[in-house]
Every structure is written in structure tokens, then in C-alpha cells.
There are 2 protein chains.
Amino acid sequence: MSKPTPLTIKDIARNLGVSISTVSRALKDHPDISSETKIMIKAYAEEVNYRPNVLALSLRRQKSNTIGLIIPAIVHHFFSSVISGIEDLAYKEGYNLIICQSNENHHREAINLQTLVDHRVDGILVSLSKTTQSFDHFREAIDNGIPIVFYDRVADEIESDKVIMDDFEGGRIATNHLISRGCKNIVHLAAPQHLQIGKNRRNGYCEALKSNGLEIREDRILKCDTREEVMTLKNHMLNLAPEIDGIFAVNDSTAIAAIQILQNNNYRVPEDIAVIGYGDGPNATIINPELTTIVQKGYEMGRESIKLMLRRLNNPAADINFQTKSFKPSLIIRQSA
Amino acid sequence: MSKPTPLTIKDIARNLGVSISTVSRALKDHPDISSETKIMIKAYAEEVNYRPNVLALSLRRQKSNTIGLIIPAIVHHFFSSVISGIEDLAYKEGYNLIICQSNENHHREAINLQTLVDHRVDGILVSLSKTTQSFDHFREAIDNGIPIVFYDRVADEIESDKVIMDDFEGGRIATNHLISRGCKNIVHLAAPQHLQIGKNRRNGYCEALKSNGLEIREDRILKCDTREEVMTLKNHMLNLAPEIDGIFAVNDSTAIAAIQILQNNNYRVPEDIAVIGYGDGPNATIINPELTTIVQKGYEMGRESIKLMLRRLNNPAADINFQTKSFKPSLIIRQSA
DNA sequence: ACATTTTTTGCAAACGATTGCGAAAACGAT
DNA sequence: ATCGTTTTCGCAATCGTTTGCAAAAAATGT
């Protein structure tokens, strides 16, 4: 009952009375090996269910066939969709995934990075944590020759492939929709402004107001992008409520939390106040009224990210130009706005 | 602009004019090395930001410090909570995670298993896919000396550590609650019966009926455990609806889908038909009426799973008895029942 | 000054695989 | 039988690290 050590190419060689190199070559159909020998060795390997040691291979090849993934919070539906999109393609191409969670924490993110670099992953896919405001940890990976692809929450300062949504446009479309149904006093529940994503959606919101001749009021822009934060700002929001007729929330769960607070205080959605979200997660059709929102295709974005990465990994020689792939947002109109 | 190969212990040795082994020993405070030399080597290593090659280490130690995780579907909130629980502790103990998705597919699960075995992970955490009905692939891992911990959806046939909920009790409590509020004709939307989880919750449901003198009717037990399936069975459910006054669904999203169908057809929940779910995910408080449900602690279950694993890995010699850790379900009463 | 002990260091094998190069075996041609 | 090819295979280095053992250097005792 001791540790059953998996058998190696060496064991096969010994048992078959040939050399290690012969076994190695036979198993990969090297022309130098006679077909007799090949057949014999392959049959035996099959019989004993030989499996090459990936660790040894990685060391030898200086390539781990592993891709690192840093996710702010895996429990968010958007991010877990991204994972699915990445995984499908990565496995198909023979890559494994090491997934790390930053938990929206800058420091944790840096540690994740270091872990992945230490593991000699071939590439890293990252979406920034909310608290990340400097980017040296990414430079280190790049200096080590590990390509990075940012998805969704990207670092402008770093040159790399990126997969984003056109968040400016998303914010614009969403706000425009509210305006088109008659809203004139629209609150924006915004993400942190040091995130591109937060800034862009907000700018889209502002642009829509401006181009429709509506005033942009700072007091109508609240930094508030989680359900919990909505609950904290409950009173503030209820103070605002009498004067407003629309809310553009930076994500669905924030929108939903807002709807619940409004409803509990006898505001009707959308009649008194229309609410629009961002993301189109599964919650959108559970709330009543069903949520009008901007679709954010997590699976597709994940897929695109890994595609960019694979393209780079499969052409190690070519110094491919960095590319930014941008997804166009689309509005899905339901009942809340 | 070629591939910048990270520097090794060998580079340090050369640059410092000492031997490789001296560097190795100095870096890990081996007593054989004079403190002078140690200080010098450590300082230099620090300066050039030396990082040991994890791959080489794993090969040498015959231990990858990596744990494999097989998840049926990462987008389910319960499972992503489990991941979080696992991750926190695993990283703290210096283990990395390779996460694979089976997508509820037996074949994919077997491939995942093989991948993890190939990577010489130190242990594997698994929750069965819905379609898994044989278990040889797990045997292979075990034969290779890789310990397995099953969580939530476990394989009875395999001897190993397990982390489960008392699903029988959960089904009983849920059903009892419906009965206690006056329901006499209760439908059960059940998971596949080859999963313990499905069988146990169903048995709990039956037990509650029986001990309350209610008849168990097979036609009131539907295999139906996703939102999509509810939609497919819509007409069937509406046929049942006039005769029933309660539904016990095997998970929240099924319960929610049922509520939506009932409401769209002018049944009141809970007045006409009470509905109870299972899981207590974030959706439970979004639906109106808010969902009465059984809490399923994903994070804690994940945490417990990795604990069992670490205990085993940290005592490789001791042949620790297999243990099954069972979580008690609790009922959280809201509005839907 | 020399033997003996102690401290400090280096050599080389090992982990499991790949691969350049040289050598043995087989074959054919003369 | 001899030589030249061609086919088939094995030696040994390599990837980055650890570690048993022996060797070199320094310290100690007489």
C-alpha cells in the first residue's frame, strides 16, 4: 500500500530490453524505428496504459501548455461565462487552465500573477480587479516573455492584446433608450472611475444626455456597483427618487437591487422610474418587471480572448501586432425600461 | 526580442563563481553553508529576482503541489461558491488549482480525470456530472495513488472522502414545511435518480408525505431539474396545477421557473400553490414572492472538501480512514411557501 | 609540522522525457 | 569476401532542481 509510482518510459525500456530513446521514438512514430519495434513497443505501452509525464515534458520543452487565468470574482455570472468560453477552446488545443481569483484585490492579483509566472504558464488572461491602480506586476510577466490578454477590464497602460466591449457605446445606447421613452432626469449608478469600463459607460451616459440637450449633473452620478452598495445608499437613493424618472445601472444586480428598493417604497417601475441594467445575466428575467439591459457576451468574449492568445502562442516567432477586439453592445428591451 | 528565458540556479552559480549545489543549499538555509556565502548568494538571488522553476521542482519532488478540481458547470452559483471555498484554503497552503468543467457530461468528465492524472496532481476534488453512471475513471486515479474527495454529488461505489449535505433531511424538511402550511397535494421536481442527491431529496420528500399520512404518487414526481426542462414541461405542469397546492423543486432555478409559469397562468404563489426551492442562491431574493428554500452552503462545502484533501496530503504516510462530512440543511422561510 | 577533526564546498546521479550524433546491424553490389 | 549504403538503434547531454557522498579547506590538537 505504498505510493504506486506511475510507470515511465524507462520502465518500458527495461521490460522490453530496448533503450529509452528507442521507446521514446517508437511512441512518436519516428522514422528511424522499424515498424516491428514500433508495433511491439506501442502495444506494450497501450497494455500497461503508459502516460507520459507532463511535468517532465514541460521542463524539457520549456513550455507548460498551461494558460493562466485571473478572474476578479468567479461567482459573477459574467465571469463564469467567460471561463466557459475560454475553457472549451483551450482544452481543444491541448492547453490546461490554472484559474486564480483576485477577489477584486490588487494585492491578491499581484500574487496570482507571480504564481502563474512561477508556474511558467505560456500565457495569461486577466481581467483587472476593481482595486488595481498600478500595473507593474503585469510588466514582470511580460518581461519574462509571457504574453497577456486583457479581457473586459483592461489596463490601458500595458501594451497587449485586449478584448473589450464598446462600453461607451453601451452606456450611450442604454441612456438613449431611457431618454427615448421620455426620461429627463436620469441617475447613473457607476463603477469605479479608474476602471476603463466604469469611465466609458459613464462617458456614454454623459454623451447621450448632452446630445439630447439634457444637463449632466454630478449629483446624479453615484459610485455604486454592487447590490450591497445599493443597500448602503438606500436612503440617498430614496431622496433622489422623487425627482428622477430613470436609472442607468452599471450592471444587472445593481439595477435589480435598485428596482427592489424602489418597489418597496411604492415607486412603480417603469412607470414612475424606468431602470436599465447592463449584462443580461440570468437574473434579468427573474425580476419583475423583467429587466431591460445591455447584453454582454461573456462566453464569446472568453472565446475571443483565448483565440488571441492561441494565435500568439502558435506563432511564437512572428511578432504579431497587439490587437484589440471590441464587441458591440446591443440593447434588449424588456419591461423595466 | 527573443524569448527571455528566466534565470536559473545555474546562472547564479556561474555569475557568483560557486557550484550549483552551493546555491541550492544556500537558498534554503542548509547548515552546511557558511553564513558569509549564504548572505552573498541570497542577496544576489534577491537582486536578480530569482524564482525557482516550479516544473523542475515538481519533477524532482514527485509532487506537483497542484490540486485538480472537476466541476459540473461553473456558471451555477453553488459550484462557483464551492470553488471560492476551495481556492482560499488551497492557496494558503501553497497548492494551485487546475479547474476542469465536465459540463454535465460523463465522457468529458473522464477526459478531465485523465488530464489531471497526467498532470500528476496531488489530489482531485470531484462533483459528479449528471450523466455519470459508471465510475471506472475514478478507479484509475486512485490506482495511481491520487486521493479523491467527492463533494455534493458523490459516487457511492468509490471509497474516498466525501462532503455532502444531508439531502434526505433537506427533502424532508422542505416537504414538511409545505405540509405544515396546509399543502396536501405536493409535486416534486426531481433530479436524476442515479445521483445520490436526486435520490435522497426524493426519499426525504416521500418520507415526509408518508409520516404525515399522505399518499405518494409517482405521477407527482417529475424528473425536471433545470429552467429549460420546466419550460419543456410547461403544459404538463399546467395540467397538474389545478389539483395541487405545493411544489418542492430540487433547486432554486427550477423553483423559480415554476413560479413564473404559474404566475403567468394566473395562479397565485403561495396562496394557490406554494413553492419551495433548494440552494438559496442569489436568485432566491430576486423573484417575487421571495423564495422559501433550503440553504446549501457552497463555500463551506468547498472549504471542507479541501480540508479533507489537505489532511490526507499532509499525512502521506498515515493511512487515514475515509471520512464523510455531512452538512445539515436548514430551511429559510420567505414568501413563496 | 603533522595528524585529526570540523567546516565548507563540489561532483554527479536522479526526477522523466527528447534528440543529435555515432555505432551496430542488415543489406546489396562488386 | 570486401566495401558501401541504408536501416535501426543506443549513448549521453539537456531541461532546473535536490541531495548523498566525497573532496577540499580550514581549524584544532599535539
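In what follows, chains are A, B, ... by sequence order, proteins preceding strands, each numbered from 1. Predicted model, so just to flag it, every value in this text is computed and none were measured.
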Task: Atom-to-atom span, CD1 of A:Ile20 to C1' of C:dC15 - whole angstrom - done: 12 Å
Open item on the list: Suppose we define a pair by two distances each less than 3.5 Å, Watson-Crick or G-U wobble; what does C:dT30 pair with here?
Closed with: D:dA1
- [ ] Using whole Å, report how far CG of B:Asn65 lies from P of C:dC15.
- [x] 20 Å
Task: Under the side-chain hydrogen bond (donor to acceptor under 3.5 Å, both in side chains) test, residues paired with B:Ser160 that sit two or more places apart - done: none
TODO: Would you mind listing every side chain to side chain donor-acceptor pair (under 3.5 Å) that reaches into residues 140-149 of chain A, with sequence neighbours excluded?
DONE: A:Gln114-A:Glu140
Open item on the list: With the threshold set at under 4.0 Å for non-hydrogen atoms, list the residues of residues 91-98 of chain B touching DNA chain C in residue-number order.
Closed with: none
TODO: Identify whether any heavy atom of B:Leu55 sits under 4.0 Å from a base atom; if not, whether one sits that close to sugar-phosphate; answer base, sugar-phosphate or nothing.
DONE: nothing
- [ ] Starting from P on D:dT19, measure out to NE2 on B:His30 and report it in whole angstrom.
- [x] 8 Å
Open item on the list: It should be established whether B:Tyr50 places a side-chain nitrogen or oxygen under 4.0 Å from OP1 or OP2 of nucleotide D:dG16.
Closed with: no
Task: DNA chain C: 5'-proximal contact among B:Arg120 and B:Thr22 (nearest heavy atom) - done: B:Thr22
Open item on the list: Using whole Å, what does the distance between atom C1' of nucleotide C:dA14 and atom CG of A:Leu59 come to?
Closed with: 13 Å
Open item on the list: OP1 or OP2 of D:dC15 versus the side-chain N and O atoms of B:Thr8: is any pair under 4.0 Å?
Closed with: no
TODO: Taking the six-membered ring for Trp and the single ring otherwise, decide whether the centroids of B:His137 and B:His106 are under 6.0 Å apart.
DONE: yes
TODO: Round to a whole Å and report the spacing from NZ of A:Lys63 to P of D:dT14.
DONE: 24 Å
Task: Distance test, side-chain N/O of A:Lys10 to OP1/OP2 of C:dC15, below 4.0 Å - done: yes
TODO: List in numerical order all residues of residues 11-19 of chain B for which some heavy atom is under 4.0 Å away from an atom belonging to DNA chain D.
DONE: none
Open item on the list: Just the rounded figure in Å: distance from C1' of D:dT8 to CD1 of A:Ile41.
Closed with: 11 Å
Task: Presence of B:Gln62 side-chain N/O under 4.0 Å of C:dG16 phosphate oxygens OP1/OP2 - done: yes
TODO: Just call it for B:Leu57: base, sugar-phosphate, or nothing, with non-hydrogen atoms closer than 4.0 Å on any strand.
DONE: sugar-phosphate
Name every donor-acceptor pair, under 3.5 Å, that has one atom in a side chain of residues 44-51 of chain B and the other anywhere in the protein, sequence neighbours excluded.
unit_1  : atom_1 : unit_2   : atom_2 : d
B:Tyr44 : OH     : B:Asn15  : ND2    : 2.8
B:Arg51 : NH1    : A:Asp118 : OD1    : 3.1
B:Arg51 : NH1    : A:Asp118 : OD2    : 2.4

Open item on the list: Measuring to OP1 and OP2 of D:dT19, would you say a side-chain N or O of B:Ser24 lies under 4.0 angstrom away?
Closed with: no
Open item on the list: Need to verify one output field. Residue with the more 5' nearest nucleotide on DNA chain C, A:Pro52 or B:Pro31?
Closed with: B:Pro31
TODO: Would you kindly give the CD1-to-P distance between A:Ile33 and D:dT6, to the nearest whole Å?
DONE: 19 Å
Please table the atom pairs, donor to acceptor, closer than 3.5 Å between any side-chain atom in residues 24-33 of chain A and protein atoms at least two apart or in another chain.
unit_1  : atom_1 : unit_2  : atom_2 : d
A:Asp29 : OD1    : A:Lys42 : NZ     : 2.9
A:Asp29 : OD2    : A:Lys42 : NZ     : 3.2
A:His30 : ND1    : A:Asp32 : N      : 3.0

TODO: Output yes when at least one side-chain N/O atom of A:Ser58 is less than 4.0 Å from OP1 or OP2 of D:dC15, else no.
DONE: no
Task: salt bridge (charged side-chain N to carboxylate O under 4.0 Å, His left out) evaluation trace for B:Lys63 with B:Asp122 - done: CA-CA 6 Å; B:Lys63 182 160 190 324; B:Asp122 298 327; 3.3 Å; yes
Task: Summary of salt bridge (Lys or Arg N to Asp or Glu O under 4.0 Å) pairs that have at least one residue in residues 66-77 of chain A, sequence neighbours excluded - done: none
Open item on the list: Checking B:Lys130 now: which residues fulfil salt bridge (Lys or Arg N to Asp or Glu O under 4.0 Å) with it, not counting sequence neighbours?
Closed with: B:Asp225
Task: Contacts of B:Asn103 that satisfy side-chain hydrogen bond (donor to acceptor under 3.5 Å, both in side chains) - sequence neighbours left out - done: none
Task: Partners meeting side-chain hydrogen bond (donor to acceptor under 3.5 Å, both in side chains) with A:Ser326 (sequence neighbours left out) - done: none
Write out a two-atom table: protein N or O, nucleotide N or O from nucleotides 20-22 of chain C, distance below 3.5 Å.
unit_1 : atom_1 : unit_2  : atom_2 : d
C:dG20 : O6     : A:Arg25 : NH1    : 3.4
C:dG20 : O6     : A:Arg25 : NH2    : 2.8

Task: Listed once per pair and sorted, the salt bridge (Lys or Arg N to Asp or Glu O under 4.0 Å) pairs that draw on residues 89-98 of chain B, sequence neighbours left out - done: none
- [ ] Could you check A:Ser129 against A:Glu104 for side chain to side chain donor-acceptor pair (under 3.5 Å), going step by step and ending with a plain yes or no?
- [x] CA-CA 4 Å; A:Ser129 97; A:Glu104 305 286 12; 4.9 Å; no
